[in-house]
Colleague: 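Submitted below is the structure of interest, expressed as structure tokens.
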Amino acid sequence: MESNLILYNTLSRKKEEFKPLNPPFVGLYVCGPTVYGDAHLGHARPAITFDLLFRYLKYLGYKVRFVRNITDVGHLVNDADEGEDKIAKKARLEELEPMEIVQYFTDRYHKNMDDLNTLKPSIEPRASGHIIEQQALVEKILENGFAYESDGSVYFDVEAYNKEFHYGKLSGRNIEDLQANTRTLDGQSEKRKPFDFALWKKASAEHIMRWPSRWSDGFPGWHLECSCMSQKYLGDRFDIHGGGLDLQFPHHECEIAQSTAAYGHDPVSYWMHNNMVTINGQKMGKSLGNFITLDQLFSGDNDVLEQAYSPMTVRFFMLQAHYRSPLDFSNEALKAAEKGYKRLMNAVDSIKKITASDKSSVDVNALKEKCFAALNDDMNTPILISHLFEGVKIINTIISGKESIDKEGLEELTKLYNDFAFDILGLLPSEESNSGNNETLEKLVETLIEIRKTAKANKDWATADAVRDKFKEAGIEIKDTAEGVEWKLAN
RNA sequence: GGUCUCUUGGCCGAGUGGCUAGGCAGUGGUCUGCAAAACCAUCUACGGCGGUUCGAAUCCGCCAGAGACCUCCA
């Protein structure tokens with residue numbers, strides 16, 4: 001497993017060589033969605049980032065267990081809603097069972113993820129299915145003296161914890177900073193300190209998502225499920241924990257505290273955070289109401305969208321930026337990505353057309369090395385893609401006859417694009433294809449192309465161009481190349 | 001207010017103390033009956049002001065602007 005993979009660890013704020021605890025096994029946990037609404041462009045970022053990581057680790061030969069949770073218990077909403085459970089609120093508004101909401105949006109989330117060609121996690125646990133485990137974790141933290149009960153709720157005692165460990169190590173904070181800057185929230189009076197957070201919360205009368213416990217009828221705290229389910233499926237020490245940058249504090253900080261309070265040591269070796277997607281320079285977010293859902297993006301059904309963008313365009317767009325950089329949405333940027341993606345896919349497709357020569361004038365191996373180097377450097381996909389475009393130029397030059405490639409090189413080239421573009425970056429071949437998914441259409445087009453050929457032979461350019469123009473109107477593109485006529489469905 | 005990050009050419013987006021990132025768009029060619037595709041060439045850069053250095057867009061300081069977190073959030 002000599003991969004030389006370097007990953008940026010939020011915990012150390014440095015790039016570090018990746019060394020799994022128990023090679024060849026790798027435990028990967030990523031914070032999944034709260035299923036109370038449709039996934040938006042922002043949700044695609046972690047999904048694609050950690051799908052890439054999952055794919056690359058597997059490519060390198062690791063046996064990866066990838067756990068991504070579904071949050072279906074809900075968390076507190078903002079002050080206007082008086083601390084009501086998000087999912088419960090939505091349920092009441094629509095007069096549905098909470099679990100109907102959860103099912104509906106979970107299904108839609110899965111559909112979006114499939115469209116983006118992300119691999120399914122090994123395990124996708126639900127918070128609601130782990131209430132007992134979460135209660136047990138609360139007990140353990142209580143036993144260890146890092147929590148206290150207050151009027152049916154249980155709170156994490158940050159001050160007590162901070163005497164033995166460092167609360168704030170992940171996000172670079174200290175308890176003094178927090179002291180001054182914590183806002184007044186519902187239930188504050190029950191807490192000893194404003195920065196204490198709930199492990200178990202007593203449900204108010206109107207709160208419909210609730211479970212019995214020895215403290216109260218209530219629901220688990222907002223950070224507990226991840227500590228609990230990561231431990232259950234990956235152990236109390238595991239390799240990588242991922243999520244959005246906005247979860248770094250307080251969510252991941254609390255997770256570390258809870259796990260450490262329960263098991264006495266740090267749970268995670270490498271913390272990874274993807275940056276945000278912005279729109280007009282501002283974070284795309286539910287609460288800001290400036291988000292574009294993935295369904296809208298794929299259908300073009302949103303006022304800010306000038307057109308629809310395919311899932312692969314979106315995926316390519318995201319991969320063209322480094323995962324730790326903010327990425328700004330704009331129609332211009334998406335359109336540029338769409339064209340770039342097509343250019344890449346056209347070239348990959350045309351590798352098939354290359355015939356091998358006796359000797360090679362191109363160095364595929366050097367290109368491959370550069371691709372690995374880029375990926376190993378904290379998954380630098382923009383650099384990787386720039387190398388793939390270098391290869392595009394090579395491919396096209398070979399086809400035009402200015403360069404040549406031998407049999408071995410051609411095999412290597414084919415494998416290179418298969419591995420990097422499809423297996424690792426998770427791109428799909430362009431949907432455009434003339435490989436007959438409709439035999440009737442294919443016959444029809446071929447017939448008309450034959451007629452056009454005759455017209456061309458007779459130098460009847462008007463007829464030839466008319467056929468091509470009409471085809472274009474119908475969404476079929478014709479190209480006259482040295483090898484003959486090519487056609488494909490444009491979409 | 002506290003903590004942190006960022007500021008690159010028309011747009012997006014990498015990167016490094018001295019050597020062309022890449023994509024999209026533009027311009028000029030080649031090829032083609034024309035078109036498309038492709039190839040070749042080419043134009044726009046490193047927020048401002050100081051400092052360190054033989055040399056800084058890259059390191060340091062100040063200023064300006066933007067953003068993230070501090071509250072559910074990917």
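Side-chain atoms are counted along with the backbone in the values below, which use heavy atoms only and exclude waters and symmetry mates. Naming: A, B, ... by sequence-line order, numbering from 1 per chain.
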Colleague: Does the Lys NZ or Arg CZ of K286(A) fall within the cation-pi geometry relative to Y36(A) - under 6.0 Å from the ring centre and within 45° of the axis?
Modeller: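 Geometry flag: set, cation within 6.0 Å and 45°.
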Colleague: Hey, is D419(A) close enough to K368(A) for a salt bridge, meaning N to O under 4.0 Å?
Modeller: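 Looking at K368(A) together with D419(A), the answer is no, because their closest N to O distance does not fall below 4.0 Å.
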Colleague: Rounded to the Å, how far apart are F249(A) CZ and C73(B) P?
Modeller: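 Nearest whole value for this atom pair: 12 Å.
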Colleague: Which value, rounded to the nearest 0.5 Å, describes the distance between F219(A) atom CZ and M209(A) atom CE?
Modeller: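 Between F219(A) CZ and M209(A) CE, I get 10.5 Å after rounding to 0.5 Å.
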Colleague: Does the R315(A) side chain pair with the main chain of L116(A), one donor and one acceptor, at a distance under 3.5 Å?
Modeller: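 The answer is yes, because a donor-acceptor pair under 3.5 Å joins these two groups.
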Colleague: Which of these, N380(A), D378(A), N275(A), sits in a side-chain hydrogen bond (donor to acceptor under 3.5 Å, both in side chains) with R324(A)?
Modeller: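 Per the side-chain hydrogen bond (donor to acceptor under 3.5 Å, both in side chains) rule, the option paired with R324(A) is D378(A), out of N380(A), D378(A), N275(A).
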Colleague: Using whole Å, what does the distance between atom C1' of nucleotide C72(B) and atom NZ of K286(A) come to?
Modeller: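 Value for this atom pair: 11 Å.
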Colleague: Short of 4.0 Å, heavy atom to strand atom, which residues of residues 453-471 of chain A count as contacting RNA chain B?
Modeller: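 Within this stretch, K456(A), W461(A), D465(A), R468(A) sit under 4.0 Å of the strand.
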Colleague: Please set out all donor-acceptor pairs under 3.5 angstrom arising from side-chain atoms of residues 460-467 of chain A, sequence neighbours excluded.
Modeller:
unit_1: D460(A); atom_1: OD1; unit_2: T463(A); atom_2: N; d: 3.3
unit_1: D460(A); atom_1: OD1; unit_2: T463(A); atom_2: OG1; d: 3.1
unit_1: D460(A); atom_1: OD2; unit_2: T463(A); atom_2: OG1; d: 2.5
unit_1: D465(A); atom_1: OD1; unit_2: R468(A); atom_2: NH2; d: 3.4

Colleague: What's the gap between C49(B) and A64(B) when it is taken at their C1' atoms, as a whole Å value?
Modeller: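 Those two atoms are separated by 10 Å.
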Colleague: Applying side chain to side chain contact (heavy atoms under 4.5 Å, CB included), can you list everything that pairs with D349(A), at least two apart in sequence or on another chain?
Modeller: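 K352(A).
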Colleague: What interatomic distance, in whole Å, is found between P of A36(B) and the corresponding atom of G47(B)?
Modeller: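 38 Å, rounded to whole Å.
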Colleague: Please give the distance between the P atoms of G48(B) and G9(B) as a whole number of Å.
Modeller: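 Taking atom P in both G48(B) and G9(B), they lie 10 Å apart.
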Colleague: How would you list, by chain and number, every residue that makes a side chain to side chain contact (heavy atoms under 4.5 Å, CB included) with I6(A), sequence neighbours excluded?
Modeller: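 I6(A) satisfies side chain to side chain contact (heavy atoms under 4.5 Å, CB included) with K15(A), E17(A) only.
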Colleague: Between F50(A) and R68(A), is there a cation-pi geometry (under 6.0 Å to ring centre, at most 45° from the normal)?
Modeller: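 Judged by the rule (NZ or CZ under 6.0 Å from the ring centre, within 45° of its axis), R68(A) is not positioned above F50(A).
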Colleague: Over how many whole Å does the gap from E255(A) atom CD to C73(B) atom P extend?
Modeller: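 Value for this atom pair: 11 Å.
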Colleague: Is the charged tip of K14(A) near the ring of Y8(A): under 6.0 Å from the six-membered ring centre and within 45° of its axis?
Modeller: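 The answer is no, since K14(A) fails at least one limit relative to Y8(A).
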Colleague: Between the protein and nucleotides 66-68 of chain B, list every N/O to N/O distance that falls short of 3.5 Å.
Modeller:
unit_1: A68(B); atom_1: OP1; unit_2: K283(A); atom_2: N; d: 3.3

Colleague: What is the distance, to the nearest angstrom, from the CD1 atom on I398(A) to the P atom on A38(B)?
Modeller: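 These atoms are roughly 16 Å apart.
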Colleague: How far does the C1' atom of U7(B) sit from the matching atom of A41(B), given to the nearest Å?
Modeller: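 So the two C1' atoms sit 32 Å from each other.
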Colleague: With sequence neighbours left out, which residue pairs that include part of residues 238-256 of chain A fulfil the salt bridge (Lys or Arg N to Asp or Glu O under 4.0 Å) condition?
Modeller: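 Listed by first then second residue: D246(A)-K283(A).
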Colleague: Counting the benzene-type ring for Trp, do H223(A) and F197(A) have ring centres under 6.0 Å apart?
Modeller: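 Yes, they do, as the ring centres are separated by less than 6.0 Å.
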Colleague: Suppose you measure atom C1' in C62(B) against the same atom in G13(B); what distance do you get, rounded to whole Å?
Modeller: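 Those two atoms are separated by 29 Å.
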Colleague: Using atom CG of N331(A) as one end and atom C1' of G23(B) as the other, report the distance to the nearest whole Å.
Modeller: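 Going from N331(A) (CG) to G23(B) (C1'), I get 17 Å.
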Colleague: Can you check whether K339(A) has a side-chain N or O nearer than 4.0 Å to OP1 or OP2 of A25(B)?
Modeller: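 Answer is yes, contact under 4.0 Å.
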Colleague: Is it the case that E16(A) and S12(A) place a side-chain donor and acceptor less than 3.5 Å from each other?
Modeller: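 There is such a pair (donor and acceptor under 3.5 Å, judged by atom type) between the side chains of E16(A) and S12(A).
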Colleague: Could you tell me the separation between the CG atom of L425(A) and the P atom of G22(B), rounded to a whole number of Å?
Modeller: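 That distance rounds to 18 Å.
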Colleague: Of all the nucleotides listed (C39(B), A36(B), G33(B)), which has the minimum atom distance to the side chain of R452(A)?
Modeller: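 Closest nucleotide among those given: G33(B).
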Colleague: Sticking with atom P, work out how far G61(B) lies from C6(B), rounded to a whole angstrom.
Modeller: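 Between the two P atoms, the distance is 13 Å.
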Colleague: NA contact type, V30(A), heavy-atom cut-off 4.0 Å: base, sugar-phosphate, or nothing?
Modeller: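 Touches nothing.
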Colleague: Just compare C34(B), U71(B), C24(B) and give me whichever is closest to any side-chain atom of P250(A).
Modeller: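 Closest nucleotide among those given: U71(B).
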Colleague: Can you list everything that forms a side chain to side chain contact (heavy atoms under 4.5 Å, CB included) with S404(A)? Sequence neighbours excluded, please.
Modeller: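 S357(A), S361(A).
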Colleague: According to the Watson-Crick and G-U wobble definition with distances under 3.5 Å, which dot-bracket string, read 5' to 3', encodes RNA chain B, using [ ] for crossing pairs and | for pairs with another strand?
Modeller: (((((((..(((.....[...))).(((((.......)))))....(((((..]....))))))))))))....
Colleague: Taking only residues two or more places apart in sequence or in another chain, which ones pass side chain to side chain donor-acceptor pair (under 3.5 Å) with Y233(A)?
Modeller: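 Testing Y233(A) for side chain to side chain donor-acceptor pair (under 3.5 Å), a comparison that skips the adjacent residues, returns H130(A).
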Colleague: Collect all protein-nucleotide pairs involving nucleotides 40-47 of chain B in which both atoms are nitrogen or oxygen and the distance is under 3.5 Å.
Modeller:
none

Colleague: In whole angstroms, how far is the P atom of A38(B) from the CD atom of E477(A)?
Modeller: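 That distance rounds to 12 Å.
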Colleague: Whether R343(A) contacts A38(B) is assessed here as follows: a side-chain N or O lying under 4.0 Å from the phosphate OP1 or OP2. Is that the case?
Modeller: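 Indeed, a polar side-chain atom of R343(A) lies that close.
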Colleague: When rounded to the nearest Å, what value does the distance between P atoms of A25(B) and A38(B) take?
Modeller: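 A25(B) and A38(B) have their P atoms separated by 9 Å.
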Colleague: Scan nucleotides 4-20 of chain B nucleotide by nucleotide, 5' to 3', and note B when protein non-hydrogen atoms come under 4.0 Å of the base, S if they reach only the sugar-phosphate, - if neither.
Modeller: -------SSSSS-----
Colleague: Heavy atoms, side chains only, cut-off 4.5 Å: are N346(A) and K488(A) in contact?
Modeller: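 Yes. Closest side-chain heavy atoms under 4.5 Å.
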Colleague: So, using salt bridge (charged side-chain N to carboxylate O under 4.0 Å, His left out) as the criterion, who are the partners of E403(A) when residues are at least two apart?
Modeller: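 Expected list: none.
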Colleague: Between U52(B) and G17(B), how far is it from one C1' atom to the other, in whole Å?
Modeller: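 Roughly 12 Å separates the two C1' atoms.
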Colleague: Is the shortest side-chain N to carboxylate O distance from D295(A) to R108(A) below 4.0 Å?
Modeller: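 The answer is yes: the pair qualifies as a salt bridge.
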Colleague: Distance check needed: C39(B) P versus K479(A) NZ, whole Å only.
Modeller: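 Distance check: K479(A) NZ to C39(B) P gives 11 Å.
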